[in-house]
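Since the structure comes first, as structure tokens, the remarks are kept for the end.
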Amino acid sequence: MRLDVILRIAAKLMIPFIMLFAIYVQFHGHYSPGGGFQAGVIIAAAVILYAIVFGISAALRVMPRAAVEFMVPLGVGIYAGTGIVSMLLGRPFLDYDPLLADPVAGQYWGVFIVEVGVLVTVAGAMLAIFYAFALRGRP
Amino acid sequence: MSLIQAISAAAGGAAAVPAGPALGLIEQLPGLQVALPMLGAVLAALLRPGWLAYAVMLVVALLSPVISFAILHEVLAYGPISYEMGGWEPPVGIEYRIDEANAFLLVLVSIMMAMVTIYAPRATASEIPARLHSWYYAMLLICFCGLQGMAITGDAFNIFVFMEISSLAMYALIAMGKDRRALVAAYQYLVIGTIGATFYVLGIGLAFALTGTLNLVDLAVKLDPVQDSRGALAALAFISVGIGLKLALFPLHLWLPNAYAFAPSVATALIASTATKVAVYILVRFVYSVYGVDISETMAYDTAFVLLLASIAMIAPSLVAVFQSNVKRMLAYSSVAQIGYIMVGVALLNEAGLTGGLSHLFNHAIIKGCLFLAVGCVVYSTGITKIDQMAGLGRTMPLTMGAFVVAGLGLIGVPGTAGFVSKWYLIQGAAEVGYWWLVAAIVIASLIAVFYVGRVVELAWFREARGAAASPRAPAPEMLAVTWALALAVLYFGFQTDISAGVPAQAAEVLLNGYTGGAMPVAETQGGVSLGE
Amino acid sequence: MESETLLWMSLGIPAAAAFGIPLAGRWPNIREGVTLVAAGALFLTVMTLLLRVLDGERPEAYGFEVVDGVALALAVEPLGMLFASVASTLWIVNSIYSIGYMRGNNEPRQTPFYICFAVAIAAAIGVAFSANLFTLFLFYEILTVSTYPLVAHKANEDARTNARVYLVLLMATSMVLLLPAIIWTYVAAGSADFIQGGLLAGAGLSAGMLTLLYALYIFGIGKAAVMPVHFWLPAAMVAPTPVSALLHAVAVVKAGVFCVIKVTVYVFGLDLLTETGASQPIAYVAGFTVIMASLIALMHDNLKKRLAFSTVSQLSYVVMAAAVASPLAILGAAMHIAAHAVSKITLFFGAGCIYTAAHLTKVSELDGIGRRMPVTMTAFLVGTLSIIGLPPLIGVWSKWWIGVGAVDSDNLWVVAVLMISSLLNVAYLVPIASRGFFMPPKDAKPGEPIAVAEAPLPCLIAICVTAGLCVVLFFGVNELEALLLPITEGAAPAAAAQAPADLAQGAIQ
Amino acid sequence: MVLLTLIAAITVGIIRLKNLFAVVVLFSAYSFLMASVMLVLDAVDVALTEAAVGAGISTVLLLGALYLTKSEEAPARFSSLVPLLVAGGTAVILVWGTWGLPDFGSATSPVNTGVGSEYIARSYEETHIPNVVTAVLASYRGFDTLGEVTVVFTAAIGVMMLLNRGRGKGETQGEADGVGGGENGEG
Amino acid sequence: MELISAIVEHYNYWAVIFLMVGGLYIVVAKSNMIKTLIGMALFQTSVYLLYLSPGKVLGGTPPILDKAIKTYSNPLPHVLILTAIVVGVATLAMGLALIVRINEAYGSIEEDEVIDLVDREDAAE
């Protein structure tokens, strides 16, 4: 038990930075490698680390299963919903041009929005899968 | 989403639509065809009470045939439709390209989905734990979405993505079967399906390395000068084997019987009637449209080999089906045999043959859908899956078994049923090129169907009911209604063949011309093969 | 009424009956009423058509295109008219008989029985009026499928096994041989329509190919029961007697030989066959079947089995005559359809009456039955004599024309076959009647009068009607000839000269 | 080249080792090396993803599965001739097929003159996103990515359907209430 | 000489082919389900390399635009492979979930043992 202490402290220190890194990967994806998927995986990794170190129950308090299960479809909804908005605005599915007055800006922010969708689903899905495995082992 | 609209409204809203005319509803239909089930799945997964998820599925499933019929109508009236995903012109963006062949397939898949959906609620309630209903419905929608996506898209890599979407959903659906063997079946399908998909990607990768493009039309154009090169042939080989695994082409069919036998009734009916059909379409698309009939001519030797393989595929699984004890597995083996029929049509390389193959795609979907749904009714009412226990069911469940008989006749290919029409074309195609051994194989395979269908029919109608068969639970009216709707469709399409054979005939013509535009007239491309009188 | 409407009605009436019977299933009297009314209506419809055909009209009805260039379509020509008339007439008689038989024997599941019966009649009419090979094949298969439950009616092990033989043999021949033959014809000739003078006339197939194709047709039409595809017929004897009558007289085997004649005349054409001699080998096979089946019949003690092999033999008369391909033989062949129908149905009704009233099935048990059942046995005797071919019964005419046609085409061996087989007919049929009338019953005490115990009244009415028809048709043969002569018109001068002028213009297409 | 040789060595190790735990660790190392190779091939985005997915998520999942099952492989019961033939056949076709492919690193091969160069030429102008991969991923081929997200969605729901036990009232606890996940398997 | 240079120039392809065959061999030959899935992952990963290799341009840089750079590697394969990786991990997760359930149901993760049990159930029907 005592040996955990170092691990716990290290984890407590690291997790915020991991989250920060995820946010960086997400928002800087336009300029450097990364994007919604990688950021989602990293967020999930942070929570998984938390779960491994502090126990699954603690992780479930931070990220309840219901929330995770909600995130999984939500991200796809955001992504596909963007496409539907394009259609409502008279352009083909997933055409971001009409989202803003300037088509280039539309593209820029359209990509941003769908990346958020990716992030939500990927983070949710990875956690959901992790929970599914982790909780299966419990009596 | 309201956020987006708010932003967009703040920035000038709809008035700011950039150059180019706004698309009307009709032009948007191809986009909706895939987006609708996808959003439906999202909603179904979000909604906790199963019945709400079901309501979503019902709406989607009833809208889809309308959309696909509208698309088919457009295609028949005005020629191929191109829909630019994301507004990017092909080959830069992903293109939806719909001609007679895949418009036909869209209609088929969406009709079967609608049928299965109407059938679903009570069958699901009796087979799946209530807490999983929402997810189960979401998976059905996702499976549907994936199949539609494969059928509609004009991009080689996009096909792969949607193939995996539908496959993953299928693995999950199959694993939901009550019997624990369903898990093993799902696992085996997962391994084989993934290998198949990876082979497909490998093939696409080779083709991509040669041409630098993924758009099917573009690929066809750019492959044309190099398509006899090793890389191109290897690509075709990998694509064929990969899809062969997916569509359970004999002898790559080992995963299929158990998967069909142990999946829940609704899933079986949907998968059996659509999944392999879409895979066949993909193969046809590559062989005919992308590579063109002339490649097959340079590979005439292989074509004869495929025909031989396909005729074994018609007969061997049929024989296996005769000796099955589980009715669903019997039908599954029969499905493998029917894929052999379709492959015969595809490999014949003439219009009658291809028409027969495509029309059998349609007819077999309806026939097998009806049979599996009828078996689903039996399972619902009695829990019986073994053939021996079905004795006397004709007397206690006359309507269900009546539908089974009608669809069974269709499977045999009795004239007046849909199955006969496609067999007629197949035999005609084989006769035109003088392959009499192939004609013999086709008729013998049909004859074997008499045995395995006849066995069930005789047991059900000319024996006394015992055990569970003697006192079945009252059937669900909507399940019966759907089963009979399909049974009547089997009869209807035995006479009225505008859709089931007329559209395939047009599609066959389009396919034989290839994307590169029929540089060779069909008659000439048959080359070394002697024509009938 | 429009002839086209009448054509559709002739299909629709029995089909409608098939839907109406289950609705009335709970009330047997109404149910049988539906059958009888439908049978009567069908008879009137067909007779109206018959009168018009005799006037030279050739009604047609077009359904819809099913496969490229092949449609579901109906067309009336004299041969089909004859078959339809036979089937619709005998449906009435057989229905009356069925009522007596089914109730008399307390058979189970009578509703499905009447449904399948009506479907079979609809299919037989469809075969008769089909305008092309596709339509013919369609109704041919419906006939097979709809009679399968009838054969399996008793649902015991024996019935199931034999029904299986029946279904598999008929399905196998039709799918493996007939269907490829049809598609071959379609591919070679570019059409599947029946054409006066022969569809294949200009297709340019060699003599060897034609022989092969003809053989595919003859063996593919399993219902014609040419050896070696005759097994199903004796196997089907497990069915109740009205079903046997349906199989042997009303629809099934008649559909088979009808198809043979139709294919011979309208697909191959007599001229083509005469020129190439393509059908000659089949004629020998059929001749062999005639003799062989008669010999087998002689060995069977079971009454229905004996009658079954008699049917096999009689059917091959028709096939042999068709394969001889001379116009007069075709006339005889067509006439034999009607002749054998009325004669054989009489014999089967007789067998059924004996079973219903006395529960006897073997020939050796029939001693003295003629005294107990005088009406039945008299009718039976009439049928026997008609089969043998004695005047004043219809059987004589068909054999006469077949013989004349054979001589006409230098096939004298056919005459020999006819004579031998007639002698064999005497040998296996006459003893039945003579035992019945002249031998004393085994269990009867000498000197005691034997009580008359006949079958139920509907059965008696039916058997008398059919026996009467044997006689009536003998005298009405001129009308038959007038109806049938246009079939072979143009094929050979001898036939055309005999045809009345006003019928000469009636061509099919 | 060195990297690739190393990866090949690891592959041999994965084939030979019987202890599944060691195999998973090797797999993780394999993924890291693979990510390095991808980096060399200029595929930075892919390398990042492969590292996160292959060495991260996959390893966690594999270890989780091992924890729930067994960690030792049973000795093979069948001869390995057939698999060798299958694998060998594939190899032959591949060697045969790739022989004619363009050389490594050429800027003039069809791949690099095709659509790919077009993206580089126009993406900034049209989207103002300097990372071309992101632009292509989310916009030009955005539909593929939507499909990809759907795949993740499907897998998550599929896994939850398979593994989540029935949920009692303690929703957040996610504890089993004794009802088997799915109806099968518990027997 | 030409042959050798051809072999060297195609080194990437050889490596890819070796990995692919190794992965495929594991899938077909190994009965242990987890190992099969790992083999499948190897097989898939090798295909990724096949995509990426031809897209590399010698002297090029990652496709992140910068005014200072003229030559970029091809971005399209990267995009495709990103998608493929995600598909691969999704399949892996699904497969592992199935294995866990099979282990609970049959008490084994050896495919041949499980299939024996399944066959026995079939025979018992």
Side-chain angles (χ1 to χ4, degrees), chain B residues 91-92 155-158 160-165 167-172 174-176 179-195 197-206 208-210 212-214 231 238 254 257-258 261-262 324-326 329 385-389, chain E residues 13 16-17 20 23-24 27-28 33 36-37 39-55 74 76-77 79-81 83-84 86-88 90-106 108-109 111 114-115 117-125:
Chain B
V92 167
D155 187 281
F157 197 80
N158 202 233
F160 164 72
V161 174
F162 277 84
M163 190 192 283
E164 286 304 90
I165 290 177
S167 299
L168 276 170
M170 277 185 240
Y171 309 146
I174 292 167
M176 285 298 108
D179 194 294
R180 65 176 180 168
R181 280 171 285 180
L183 295 168
V184 185
Y187 168 79
Q188 286 176 327
Y189 184 22
L190 180 130
V191 172
I192 293 180
T194 308
I195 295 294
T198 312
F199 269 129
Y200 173 81
V201 179
L202 187 53
I204 297 298
L206 290 175
F208 176 63
L210 277 171
T213 186
L214 293 165
F238 280 118
L254 295 170
N258 278 345
F262 300 118
Q324 292 304 311
S325 58
N326 179 315
R329 193 148 34 175
T385 55
K386 280 167 65 181
I387 294 176
D388 290 346
Q389 296 172 337
Chain E
Y13 290 131
V16 168
I17 290 169
M20 206 175 282
L24 198 59
V27 176
V28 186
M33 293 181 180
T36 305
L37 286 191
M40 216 164 72
L42 295 188
F43 181 46
Q44 290 174 318
T45 321
S46 63
V47 176
Y48 306 159
L49 271 191
L50 186 87
Y51 269 77
L52 294 176
S53 299
N74 191 342
L76 182 53
V79 174
L80 302 182
I81 293 317
T83 306
V86 177
V87 171
T91 314
L92 182 73
M94 194 78 179
L96 288 173
L98 280 169
I99 292 177
V100 168
R101 286 291 303 277
I102 289 174
N103 185 52
E104 288 172 1
Y106 287 90
S108 171
I109 56 166
E111 201 178 349
V114 173
I115 287 176
L117 291 169
V118 169
D119 287 346
R120 216 168 294 161
E121 278 173 88
D122 285 350
E125 255 191 3

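Below, read A as the first sequence line, B as the second, and so on, with proteins coming before strands; counting in each chain starts at 1.
The candidate from Val86(E), Asp122(E), Leu37(E) with the greatest count of non-hydrogen atom pairs under 4.5 Å with chain B is Asp122(E).
For chain B, the nearby part of Met40(E) is the side chain; its heavy atoms alone come within less than 4.5 Å. Contacts between Phe157(B) and chain E at a heavy-atom distance below 4.5 Å involve the side chain alone, from C-beta outward. Interface residue Ala172(B): backbone and side-chain heavy atoms are both found under 4.5 Å from chain E. Heavy-atom distances place the side chain of Thr83(E), and not its backbone, under 4.5 Å from chain B. Only the side chain of Leu214(B) comes within less than 4.5 Å of a heavy atom of chain E; its backbone N, CA, C and O stay farther away. Both the backbone and the side chain of Val191(B) come within contact range of chain E, with heavy atoms under 4.5 Å apart. Residue contact with chain B, scored on non-hydrogen atoms closer than 4.5 Å, involves the side chain of Met20(E) exclusively. Proximity to chain B involves both the backbone and the side chain of Val118(E), based on heavy atoms less than 4.5 angstrom apart. Proximity to chain B is absent for every atom of Ala97(E), based on heavy atoms less than 4.5 angstrom apart.
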Decide side chain to side chain contact (heavy atoms under 4.5 Å, CB included) for Leu24(E) and Phe199(B); before the verdict, give the C-alpha distance in whole Å, the side-chain angles of both, and the deciding distance to 0.1 Å.
-> CA-CA 11 Å; Leu24(E) 198 59; Phe199(B) 269 129; 4.0 Å; yes
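Counting heavy atoms from C-beta outward, Arg101(E) and Tyr187(B) have side chains that stay 4.5 Å or more apart. Put simply, the side chain of Thr194(B) reaches to within 4.5 Å of the side chain of Gln44(E), judged on heavy atoms.
When the side-chain contact (heavy atoms from CB on, under 4.5 Å) test is applied to Leu117(E), the partners found at least two apart in sequence or on another chain are Tyr106(E), Arg120(E). Contacts of Asn103(E) classified as side-chain contact (heavy atoms from CB on, under 4.5 Å), with partners at least two apart in sequence or in another chain: Thr69(D), Lys70(D), Ile109(E).
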